[in-house]
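The block underneath contains the structure these notes are about, expressed in structure tokens.
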Amino acid sequence: MTVVSSELLDVISIVTDEENIITDYSGRGMYGERCLGIVTPNQMELIGYMLEEINDREDSKELINEFSQMIRNCRTDNMGYNYILYFPYFTVDGDE
């Protein structure tokens, strides 16, 4: 598992409410493994807001690289009214 940087977690917390950030999500086919997930009603809108926030930062090149790695491995689940974007190989806890 790759640990998500504190800078990228800061971006995520700016573009969504804290209760929408799931740090221990286990999606389909993960067999109990835990990863980062973000609950949202609109997946593409969330990604757009994240890219805007990343572009406004001095360390944007590093954050774009990290975020693009996450997006390449992104999966989604439908939660009824919302979706969850989850990243099976990314965690916020280095102990995983």
Side-chain angles (χ1 to χ4, degrees):
M1 287 266 189
T2 300
V3 178
V4 178
S5 70
S6 60
E7 293 83 4
L8 191 53
L9 287 174
D10 185 49
V11 168
I12 294 168
S13 67
I14 287 171
V15 300
T16 191
D17 296 327
E18 192 170 314
E19 66 266 9
N20 292 332
I21 303 169
I22 312 298
T23 58
D24 62 349
Y25 188 75
S26 184
R28 291 172 289 153
M30 291 187 61
Y31 307 105
E33 290 284 326
R34 303 287 177 191
C35 68
L36 174 65
I38 308 168
V39 176
T40 181
N42 188 320
Q43 304 154 16
M44 298 310 288
E45 182 178 69
L46 174 70
I47 291 169
Y49 285 138
M50 288 185 65
L51 289 171
E52 285 177 1
E53 183 63 32
I54 288 170
N55 281 329
D56 288 343
R57 295 177 175 248
E58 288 182 24
D59 55 352
S60 65
K61 184 174 181 175
E62 293 84 12
L63 288 176
I64 286 288
N65 287 335
E66 181 179 6
F67 187 56
S68 67
Q69 289 293 319
M70 289 178 65
I71 291 299
R72 283 188 198 113
N73 294 289
C74 183
R75 297 181 188 165
T76 61
D77 280 340
N78 189 318
M79 302 178 76
Y81 291 110
N82 289 316
Y83 297 90
I84 185 163
L85 278 72
Y86 64 101
F87 310 92
Y89 306 107
F90 293 86
T91 182
V92 296
D93 184 2
D95 295 333
E96 294 276 330

Any side-chain heavy-atom pair from [X] and [Y] closer than 4.5 angstrom?
| X | Y | value |
| --- | --- | --- |
| V4 | E66 | yes |
| M70 | L36 | yes |
| I47 | I71 | yes |
| L51 | I64 | yes |

Between atom [atom1] of [X] and atom [atom2] of [Y], what is the distance when rounded to the nearest 0.5 Å?
| X | Y | atom1 | atom2 | answer |
| --- | --- | --- | --- | --- |
| N82 | N20 | CG | CG | 7.0 Å |
| I14 | E52 | CD1 | CD | 12.5 Å |
| S13 | I38 | OG | CD1 | 10.0 Å |
| L85 | R75 | CG | CZ | 12.5 Å |

Is there a donor-acceptor contact under 3.5 Å from the side chain of [X] to the main chain of [Y]?
| X | Y | result |
| --- | --- | --- |
| R57 | L63 | no |
| T16 | I12 | no |
| N73 | Q69 | yes |
| N42 | M44 | yes |
| S26 | E33 | yes |
| D10 | S6 | no |
| D59 | E62 | no |

Can you see which heavy atom on [X] is nearest to which on [Y], and at what distance?
| X | Y | answer |
| --- | --- | --- |
| T76 | R28 | O-NH2, 2.7 Å |
| I54 | S60 | O-CB, 3.1 Å |
| F90 | M1 | N-SD, 3.8 Å |

Check whether more than 12 heavy atoms from other residues, nucleotides or ligands sit under 6.0 Å from atom CD of E58, and answer yes or no.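 Atom CD in E58 is not packed in, count stays at 12 or less.
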
Answer with yes or no whether the hydrophobic clustering places Y83 together with I21; edges join I, L, V, M, F, W, Y residues whose side-chain heavy atoms lie under 4.5 Å apart. no

Members sharing M79's hydrophobic cluster, built from side-chain contacts under 4.5 Å between Ile, Leu, Val, Met, Phe, Trp and Tyr, are I22, Y25, M30, V39, I84, Y86

Before you tell me yes or no, could you show the steps for L46 and V15 under side-chain contact (heavy atoms from CB on, under 4.5 Å), namely the whole-Å CA-CA distance, both residues' side-chain angles and the distance that decides it to 0.1 Å? CA-CA 7 Å; L46 174 70; V15 300; 3.8 Å; yes

